[in-house]
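Side chains are part of it too, since the values below use all heavy atoms of this structure and drop only hydrogens, waters and symmetry mates. Since this is a predicted model, take the numbers as computed values, not measurements.
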Amino acid sequence: MNNQDANLKLSSKGQTKLVSSRDRTAWIAKTAILSALSIILMYLEFPIPLMPVFLKFDFADLPALLAAFSIGPGTGVLVQLIRNIAHLPASHTFYTGELANFLVGGSFVFVAGMIYRRKKTKRMAIIGLTCGGLVMTIVAVAFNYYVNIPFYSKVMNLPLEGIISMVNAVGNTLVHDLWTLLLFVFVPFNILKSLVISIFMLLIYKKLSPLLHR
């Protein structure tokens with residue numbers, strides 16, 4: 001091998017390192033921006049008719065979905081983790097709310113992103129978002145059944161009867177026990193949330209895709 005060949009190989013390696021460094025920097029920047037946007041949206045929550053005060057709607061999952069579709073499902077879950085960690089100082093639930101938010105939103109984003117990455121078409125995006133929404137609802141019901149409701153009853157001194165009264169007070173008279181609470185509150189809330197966010201995702205993703213893939 002002559003000196004010229006060695007110089008060419010060295011130059012090629014240097015270029016690879018440069019590209020890798022730029023990719024890493026771009027990934028950090030995109031993740032930071034989408035995480036910041038998710039944090040902001042998490043605070044812009046609002047109530048929904050027939051839903052108790054402790055269940056409010058926000059669009060914080062949307063930036064995480066953008067990350068999952070444009071970068072990868074792992075990055076989408078990371079955005080969810082960052083925003084929930086950032087929300088810990090404002091927690092009123094001894095961090096169980098943030099844990100629930102992370103697990104529920106993370107499952108939605110991860111499943112949707114994993115399915116979409118197999119084939120990046122609109123059809124696969126719809127399938128991914130639908131499956132993600134279903135998994136999100138199942139995780140929400142399971143977490144509230146096994147963790148949240150027992151925690152509120154035993155630690156926060158809010159018995160199940162008190163939670164049911166809060167639901168009845170906003171006009172939802174279908175709830176009278178634990179199972180109807182899960183069926184007529186947590187199931188419809190999470191289905192509605194995943195549906196609305198999925199629609200917004202389908203409307204904006206292609207428009208934002210050129211920026212997200214820079």
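- Counting only residues at least two apart or in different chains, salt bridge (charged side-chain N to carboxylate O under 4.0 Å, His left out) contacts with residues 99-120 are absent.
- Linking ILVMFWY side-chain heavy atoms closer than 4.5 Å, directly or via other members, places Y205 and L41 in a single hydrophobic cluster.
- Atom OG of S209 sits about 11.0 Å away from atom CD1 of I204, to the nearest 0.5 Å.
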| task | Could you walk me through whether I82 and I85 pass side-chain contact (heavy atoms from CB on, under 4.5 Å), step by step? | result | CA-CA 5 Å; I82 292 171; I85 290 175; 5.9 Å; no

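- In terms of the ring pair (Phe, Tyr, Trp, His ring centres under 6.0 Å) criterion, residue partners of F46 (sequence neighbours excluded) are, by chain and number, F57.
- For the salt bridge (charged side-chain N to carboxylate O under 4.0 Å, His left out) condition, the pairs that include at least one residue of residues 77-86, sequence neighbours left out, are D61-R83.
- Residues F184 and V170 do not share a hydrophobic cluster, defined by chaining ILVMFWY side chains whose heavy atoms lie under 4.5 Å apart.
- Contacts classified as salt bridge (charged side-chain N to carboxylate O under 4.0 Å, His left out) and involving residues 146-175 (residues at least two apart or in different chains) are not found.
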| Worked verdict on V167 versus L181 for side-chain contact (heavy atoms from CB on, under 4.5 Å) | CA-CA 8 Å; V167 177; L181 175 65; 3.8 Å; yes

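- Residues forming a side chain to side chain donor-acceptor pair (under 3.5 Å) with S194 (at least two apart in sequence, or on another chain): none.
- Taking the side chain as every heavy atom from C-beta outward, F189 and T137 never approach each other to under 4.5 Å.
- S165 contributes atom OG, which lies 9.0 Å from atom CG of L158 (distance to the nearest 0.5 angstrom).
- Taking Y145 as the reference, W179 meet the ring pair (Phe, Tyr, Trp, His ring centres under 6.0 Å) condition, with sequence neighbours excluded.
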| field | Derivation of the side-chain contact (heavy atoms from CB on, under 4.5 Å) call for L182 and V141 | value | CA-CA 6 Å; L182 296 172; V141 170; 4.2 Å; yes

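- T96 places no side-chain N or O within 3.5 Å of a backbone atom of N148 that could act as its donor or acceptor partner.
- Between M136 and S107 the shortest heavy-atom distance is CA-OG, 3.6 Å.
- Scanning for side chain to side chain donor-acceptor pair (under 3.5 Å) contacts around S153 gives an empty result, with sequence neighbours left out.
- Side-chain contact between L66 and M201 is present, with heavy atoms from C-beta onward closer than 4.5 Å.
- The list of ring-ring contact (aromatic ring centres under 6.0 Å, His included) pairs with a residue in residues 83-113, not counting sequence neighbours, reads Y43-H87.
- In this structure, M42 is not a member of the same hydrophobic cluster as V109, with clusters built from ILVMFWY side-chain heavy atoms closer than 4.5 Å.
- Residue pairs meeting the salt bridge (charged side-chain N to carboxylate O under 4.0 Å, His left out) criterion with at least one member in residues 198-207: none, sequence neighbours excluded.
- No side-chain heavy atom of K30 sits under 4.5 Å from any side-chain heavy atom of L212.
- With hydrophobic clusters built from ILVMFWY side chains whose heavy atoms lie under 4.5 angstrom apart, L65 does not share a cluster with L134.
- Two residues are said to be in side-chain contact when any heavy atoms from C-beta on lie closer than 4.5 Å; P52 and I163 fail this criterion.
- Between V111 and V135, the closest side-chain pair of non-hydrogen atoms falls below 4.5 Å.
- In this structure, S91 and E98 approach most closely via the heavy-atom pair OG-OE1, 2.8 Å.
- Here the CG atom belonging to L103 is positioned 9.0 Å from the CG atom belonging to N84, to the nearest 0.5 angstrom.
- Counting all heavy atoms, side chain and backbone alike, A68 lies closest to G113 at CB-CA, 4.1 Å.
- Within the 4.5 Å cutoff, no side-chain heavy atoms of I48 are placed close to those of L55.
- S70 meets the side chain to side chain donor-acceptor pair (under 3.5 Å) test with no other residue; sequence neighbours excluded.
- Considering every non-hydrogen atom in both A67 and V79, the closest pair reads CB-CG2, 3.9 Å.
- Under the 4.5 Å side-chain criterion, counting only non-hydrogen atoms from C-beta, T121 is not in contact with Y116.
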May I have the list of side-chain donor-acceptor pairs in residues 122-132 shorter than 3.5 Å, sequence neighbours left out?
residue: T130; atom: OG1; partner: I126; partner atom: O; Å: 2.7

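- The shortest non-hydrogen separation linking K193 to D58 is CE-O, 3.5 Å.
- Residues L50 and F54 are members of separate hydrophobic clusters, defined by side-chain heavy-atom contacts under 4.5 angstrom among Ile, Leu, Val, Met, Phe, Trp and Tyr.
- A donor-acceptor pair under 3.5 Å links the side-chain atoms of N144 to the main chain of A140, judged by distance alone.
- Using a 4.5 Å cut-off on side-chain heavy atoms (C-beta onward), V53 and M166 make contact.
- Partner of F59 under the side chain to side chain contact (heavy atoms under 4.5 Å, CB included) criterion, out of I40, I197, L44: I197 alone.
- Scored by the side chain to side chain donor-acceptor pair (under 3.5 Å) test, N168 finds no partners at all (sequence neighbours excluded).
- Contact record, A60 with S38: O-OG, 2.7 Å, taken as the closest heavy-atom pair.
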